[in-house]
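Report on one structure; see the data block that follows.
Numbered from 1 within each chain, the chains take letters A, B, ... in sequence-line order. Only this structure's heavy atoms are used, side chains among them; waters, hydrogens and symmetry mates stay out.
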Amino acid sequence: MSTTTTFIIESMAILGGLGLAVGLMLIFASRKFKVETNPLVEEIISILPGANCGACGFAGCADFADRVVNENAPITGCPVGGFEVAKGIGGILGQEVSESEKQYPFIRCHGGLNCVDRFEYVGFEDCKAVMMLSDGEKGCSYGCMGRGTCVRACPFDALTIGEDRLPHVNKNLCTSCGLCISSCPNDVLVFAKESENVHVRCVSHDKGKTVKEVCTVGCIGCKICEKNCPEQAITVTNFLAVIDQDKCTGCGICVEKCPQNTIEIR
Amino acid sequence: MVEKALFAIFLEGVFIKNFLIIQFLGLCSFVGVTKDVKSAAGMSGAVIFVMAMAATASYLLYTYILVPTGMTFLDLISFIVVIAALVQLVEFVVRKNIPSLYRSLGIYLPLITTNCAVLGVVLLNVQSEYNFMQSVVFGIAAGVGYTIVMLMMASIRERSSFVSIPSSIRGLPQAFLIATMLSLAFVNYFWVIPI
């Protein structure tokens, strides 16, 4: 046999032997270190939305599925999947679920272009940054800054900043995960149920005169709505009207009477 | 050949022969995983680990199998096989025994099985004729250098996402510009520390 042939055979043997040894080692390791996974967890992961948004309070969808199976986390814990997913998980685990009403973020400020600017802001386009500069450029320090921190927080593109420089919710895309609500530095956003249709679109606790100077649609605390409400559902505290949604019947009298058009019916 | 001190090798691996911005190895992760600091840190941890392991394993393979049989020309292909298998093995073990570490490193481990930076470490070890300790130290140093640059890049990119810059250079072009300036800063180590 020539030296070249020996050489080729030797190198093939070494590489082949190496591959074989490594392969056998891996087969052995995969048997020995096999991790038992609960098939229920895999099944639940497959019906979860898979956005890993963390709205359930756990680190992603896989973690949520694990907690539901092993640590009795609530099966309705996924606000994104809502009733459909809760029903699916209930089916896998043999539990009944009752439907809860869907909630959407509601923007408690009507200011936008109706609110005067105190100065022109140039810098990071972010509400938190704007607010650091003497409580923002707006005359009102309570309201929406309109720089879209909530829009960027939304993993589902359900929010947009409109022409009026206020965020708008696309209810078809919104999954009620609440990330926008926790991102808002001014607490302008809150959850509102679908059936609650009369809302005060203002959060300013300033006195009526101060509000009137800076905003044409802010609540001035005049108490006209409080006096006219047939259900006594509205109370004005600290120059701001608050509607008790349990008492409100949605008659719309306050909407007509409000001199500032702050109260809105949808 | 004068034997180099371990500390000199460490400094060389971290700064002078920095894998990302002096040698330009492992650039896919440099651009791909530096969008936020958290994932850059996870990736870097995995890289330090794999580089140290790969340096150890490939030294043993080279010295005790390839050199005695005279098959040193097979170094590249056998290193690839061994490193890939080793990473897979480590993944099994970590998954079984340390689930929390698996959750934080797990998704990055398979990404770097055949990363060119890892292969670069072991090939440089062979070329520089390092002994066992020197190889391992160089492996760790390369990982530490990778970590420093990854964290710097990720921090800069995270902050610069707020800056108003022309849309034509937003994203990847901007990342390349940042990389250029980082690289310029590191190149100066050639002149500052003569080893």
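By the salt bridge (Lys or Arg N to Asp or Glu O under 4.0 Å) test, A:Arg201 is found to be paired with A:Glu264, residues two or more places apart in sequence or in another chain being considered. In terms of the salt bridge (Lys or Arg N to Asp or Glu O under 4.0 Å) criterion, residue partners of A:Glu213 (sequence neighbours excluded) are, by chain and number, A:Lys209. With sequence neighbours excluded, the residues that form a side-chain contact (heavy atoms from CB on, under 4.5 Å) with B:Ser183 are B:Ile21, B:Phe24, B:Val187.
Atom CD of B:Gln88 sits about 10.0 Å away from atom CE of A:Met25, to the nearest 0.5 Å. The CD1 atom of B:Ile77 sits 5.0 Å away from atom CG of A:Leu15, with the distance rounded to the nearest 0.5 Å. Taken to the nearest 0.5 Å, the CG atom of B:Leu66 stands 11.0 Å off from the OG atom of A:Ser11.
Considering every non-hydrogen atom in both B:Leu89 and A:Ala29, the closest pair reads CD1-CB, 3.2 Å. Across all their heavy atoms, B:Ala85 and A:Leu26 have their closest contact at O-CD2, 3.6 Å. For the pair A:Leu18 and B:Ser78, the tightest heavy-atom approach, listed with the atom from each and the gap, is CD2-CB, 3.4 Å.
For NZ of A:Lys171, the number of neighbouring non-hydrogen atoms (other residues, nucleotides, ligands) closer than 6.0 Å is greater than 12. Around CZ of A:Phe119, the count of heavy atoms belonging to other residues, nucleotides or ligands within 6.0 Å exceeds 12. For A:Phe28, the CZ atom is loosely surrounded, since the number of other residues' heavy atoms within 6.0 Å does not exceed 12. More than 12 heavy-atom neighbours from other residues, nucleotides or ligands sit within 6.0 angstrom of CD on A:Glu71. Around CG of A:Leu113, the count of heavy atoms belonging to other residues, nucleotides or ligands within 6.0 Å exceeds 12.
When heavy atoms are compared at a cutoff of 4.5 Å, B:Leu86 does not approach chain A at all.
When side chains are defined from C-beta on, A:Glu10 does not count as touching B:Thr69, because their heavy atoms never get closer than 4.5 Å.
The contact list for residues 120-135 of chain A toward chain B, using heavy atoms and a distance under 4.5 Å, reads A:Phe124, A:Asp126 by residue number.
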Hey, mind stepping through A:Phe7 and B:Phe73 against ring-ring contact (aromatic ring centres under 6.0 Å, His included) and telling me if it holds?
-> CA-CA 12 Å; A:Phe7 199 61; B:Phe73 64 92; 5.4 Å; yes

